[in-house]
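In what follows, a single structure is set out as structure tokens and then discussed.
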Amino acid sequence: MSVDLTSTSGRTILAFKSGRAFRRAGTNFVDASPTKGAIVLTNEEGLIHFMWKDRMSGEVGEDLILFPGDAKLEKVPQSSWGRTYVLKFESSDQKHFFWLQDSSTRRDEEFVTNLNRTLADPNIIAIWDARNVYPASEASTSATGASISPPSTVQPIVPATSNPTPASTTPEQLAQLRGIVSSMTGFTSEDELWLTDVLSSQNLLQLFQSHSELLPSLFPHLPPELIPSSDATPQQAVEILQRTTNSPPFRLAVAQLDRALRTGALGEFVRSLGLPESAAMGVGAFLAAIAEQARQEGGTEERMEED
Amino acid sequence: MSDEDSSGWQLTESDPGVFTELLKSLGVPYIVDDLYSLEPESLEALQPVHALIFLFKWFPESPDDEPGVGAGHYDSDFPGFFAHQTVNNACATLAVVNALGNIASLHAGPQFMDLLSFTAGMDPQTCGMAITSADWLREAHNALSPPSSISLDGLDLPKKSEEAYHFVVYLPVMGSLYELDGLKPYPVQHGEYDGSGEGWVKKAREVIENRIHTYPTGALEFSLLALRDDPIPGMRRRLDALQGSAEDVEISDLMNKISNENSKRERWAFENSSRRHNHIGLVHALLLALAKAGKLDSAKADAQRVMQERLERQRAMQS
């Protein structure tokens with residue numbers, strides 16, 4: 001299933017009206033921007049996107065992919081007006097400021113609590129107060145995760161409550177709930193691997209020896225002084241590659257990349273490699289994106305069989 | 001990403017290849033070699049030795065005064081070159097500069113010679129600051145360390161504690177053995193040495209061995225480096241002079257030595273290239289190649305299996 005990450009084609013988990021606020025340079029003041037917007041949380045193939053969208057233009061002003069447990073939206077106590085919040089991270093110093101724009105403050109706490117619950121664990125279903133249930137017709141999701149258009153007014157999706165009044169949950173709502181649960185794969189054992197093991201000395205040697213036609217694609221990435229000359233034998237090339245991939249600086253780079261991928265913050269970096277932003281979500285996601293990139297570039301697996 | 005203390009100086013590794021590369025960029029025709037022992041034979045093989053660099057990490061068991069500081073006495077009238085270490089990460093380069101600054105008739109590139117004249121007469125603190133403010137020197141120093149492969153600015157990843165070695169230089173100045181430690185207020189004078197026979201290195205051996213013995217066993221991790229003339233030109237000249245002579249033993253001996261030196265330089269060159277290179281592009285290219293070769297899935301499965309085994313071993317150890 002291919003996902004177009006440039007539009008919000010995932011499953012919207014929740015959304016509520018909010019504006020952004022920005023720190024005044026060199027001070028501790030934060031100025032609210034009047035633009036009408038919304039915080040939208042979506043789930044795309046198990047990845048949580050925290051987006052801020054401009055409600056007038058529909059443009060996505062902010063699109064963060066969040067690692068479970070990494071971020072939290074907290075109230076800014078110094079705000080006399082009382083509706084300013086900051087999105088903070090365990091893994092970095094980043095801060096994003098928002099202010100709630102719903103005309104009534106009645107649901108502020110509910111929105112924020114549900115948001116934080118989901119950010120902590122995407123497998124948790126938002127608990128909505130049944131009394132505040134909006135008509136489900138404005139919020140369409142489907143179990144197959146087909147594209148939905150983002151709500152132009154902001155409604156919480158699926159008033160699915162695991163809550164006190166089961167009698168009020170309709171069969172349609174239950175089906176939607178099941179759909180959400182089944183698509184929320186969360187972050188499971190996929191991620192329990194280290195890049196250093198994937199790129200083990202053994203795996204690489206096997207690769208070098210069995211697929212020498214792929215070696216030239218690696219040369220440009222070697223330290224410039226070590227790139228094999230055009231009259232180097234395949235064996236010499238393998239030796240150079242082996243020596244480089246066994247070197248401490250190389251091993252360190254692999255370990256650093258592994259660590260950095262777990263922060264979920266390498267969006268720009270993975271794009272510079274020609275990968276979609278979802279590749280920044282963890283080691284598993286990174287590898288999946290590379291597999292796709294290989295397919296797109298015309299992997300040699302099939303062709304090998306034809307030889 | 002510089003933190004307050006580093007003033008743009010990156011931490012470098014402290015091995016001979018790195019130091020020798022630094023010397024090259026200063027235009028100094030010396031090399032730095034590992035010294036595995038202070039025995040006369042080991043030192044003899046490396047003569048002429050201009051300075052010894054003692055690098056160490058000390059793991060104190062108690063917050064007492066560091067041992068080994070009793071020997072010698074401060075010389076506040078030291079006539080030679082001495083700079084304080086004002087930036088931690090610059091420690092390796094600073095040690096080299098402290099050594100070079102005291103070598104008579106030093107051959108060096110113009111920038112370094114200028115820096116030495118500029119700092120003449122300065123007090124140690126000002127001298128240290130002048131050294132670490134020299135942009136060209138900082139760039140030459142930073143060129144020896146790994147690039148930050150991924151822009152992790154702002155991500156605030158917990159840094160593994162990069163402990164710097166501490167560097168102390170021992171060398172002869174005006175008939176006495178001096179210890180130059182950028183963290184001490186003045187150079188330390190350890191007394192005169194006997195110029196005959198082994199010369200100053202004999203005294204250095206005593207002082208250094210005494211120092212090592214004052215640390216509790218296992219509390220000290222250290223290394224010794226020798227700053228010496230590059231032996232290759234001399235050996236080549238000798239070899240040329242022997243061409244056509246009957247001195248087979250000496251000729252073959254020289255050829256061996258030259259060959260060994262060259263291998264060592266080649267290894268240093270490889271390590272330096274590797275150190276300076278941003279390998280992230282290669283990581284991506286390798287993963288892509290694995291995918292194209294149809295081997296990525298099995299590599300992943302292997303990695304998952306290895307991880308499970310690792311976790312189980314860990315659980316077993318904890319239970």
Side-chain angles (χ1 to χ4, degrees), chain A residues 89 91-94 189-190 192-200 202-204 206-207 210-211 214-215 217-218 220-226 243-245 247-250 252-254 256-257 259-260 263 265-266 268-269 273 275 284 286-287 290-295 297-301 304, chain B residues 1 13 15 18 21 144-160 162 266-312:
Chain A
F89 298 80
S91 62
S92 80
D93 266 350
Q94 275 187 85
S189 62
E190 243 292 88
E192 280 171 29
L193 58 79
W194 284 348
L195 212 51
T196 42
D197 293 327
V198 175
L199 289 173
S200 71
Q202 209 181 14
N203 286 345
L204 291 180
Q206 278 172 11
L207 172 71
S210 64
H211 285 77
L214 290 174
L215 299 187
S217 68
L218 303 172
H221 301 281
L222 286 168
E225 305 90 345
L226 305 178
R243 213 176 158 196
T244 302
T245 56
S247 71
F250 176 80
L252 182 64
V254 178
Q256 281 179 330
L257 180 57
R259 213 160 43 118
T263 66
L266 292 186
E268 209 175 287
F269 166 73
L273 295 178
L275 299 169
F286 188 67
L287 295 178
I290 287 184
E292 178 57 34
Q293 192 177 41
R295 270 194 289 278
E297 289 186 13
T300 62
E301 307 164 51
M304 281 292 288
Chain B
M1 169 137 207
E13 286 176 50
D15 73 49
V18 173
E21 191 66 24
L144 305 166
S145 68
S148 57
S149 316
I150 313 164
S151 169
L152 297 175
D153 282 6
L155 289 186
D156 224 25
L157 285 180
K159 300 193 175 85
K160 45 174 210 102
E162 291 172 321
E266 198 269 327
R267 184 170 46 87
W268 285 349
F270 172 82
E271 287 168 6
N272 284 336
S273 288
S274 194
R275 224 173 250 128
R276 278 192 294 254
H277 184 66
N278 181 341
H279 289 89
I280 291 298
L282 184 59
V283 174
H284 175 237
L286 284 166
L287 290 170
L288 204 53
L290 277 172
K292 289 183 180 172
K295 289 176 180 288
L296 187 59
D297 283 338
S298 63
K300 275 167 70 172
D302 267 346
Q304 281 166 328
R305 185 183 41 82
V306 167
M307 190 57 143
Q308 289 307 320
E309 285 167 13
R310 218 179 256 133
L311 289 171
E312 274 174 34

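Small disclaimer: the values here were computed from a predicted structure and weren't measured. Chain letters run A, B, ... following the sequence lines, proteins first, then strands; residues in each count from 1.
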Ignoring hydrogens, what is the shortest heavy-atom contact between [X] and [Y]? Give both atom names and the distance.
| X | Y | answer |
| --- | --- | --- |
| B:Phe270 | A:Ser247 | CE2-CB, 4.4 Å |
| B:Ile280 | A:Ala253 | CD1-O, 3.8 Å |
| A:Leu222 | B:Leu282 | CD2-CD2, 4.2 Å |
| A:Leu193 | B:Gln304 | CD2-CG, 3.6 Å |
| B:Leu288 | A:Ala294 | CD1-N, 3.8 Å |
| A:Leu214 | B:Ala289 | CD1-O, 3.4 Å |

query = Should B:His279 and A:Pro249 count as side-chain neighbours, where that means a heavy-atom distance under 4.5 Å?
reply = yes
query = If we only count heavy atoms from C-beta on, is the B:Leu290 to A:Ile290 side-chain gap below 4.5 Å?
reply = no
Interchain contact, B:Leu296 with chain A, by part (heavy-atom threshold 4.5 Å) = side chain
inquiry  = Need one label for B:Arg305: side chain, backbone, both or neither, based on atoms under 4.5 Å from any heavy atom in chain A.
reply    = neither
Return the option, out of [options], with the maximum number of heavy-atom pairs under 4.5 Å with chain B.
| options | answer |
| --- | --- |
| A:Leu273, A:Leu195, A:Asn203, A:Thr244 | A:Leu273 |
| A:Leu226, A:Thr245, A:Leu215, A:Leu275 | A:Leu226 |
| A:Pro223, A:Ser217, A:Ala291, A:Pro224 | A:Pro223 |

key: Parallel, tilted or perpendicular: rings of B:His284 and A:Phe286 (30°, 60°)   = tilted
request  = Would you check if the side chain of B:His277 reaches a backbone N or O of A:Phe250 as a donor-acceptor pair within less than 3.5 Å?
outcome  = no
Just verifying a value: how many Å separate [X] [atom1] and [Y] [atom2], rounded to the nearest 0.5 Å?
| X | Y | atom1 | atom2 | value |
| --- | --- | --- | --- | --- |
| A:Thr196 | B:Met307 | OG1 | CE | 8.0 Å |
| B:Asp302 | A:Asp197 | CG | CG | 9.0 Å |
| B:Lys295 | A:Leu204 | NZ | CG | 10.5 Å |

message = Please identify, among B:Ala299, B:Ser298, B:Ala269, the residue contributing the most non-hydrogen atom pairs under 4.5 Å to chain A.
response = B:Ala299
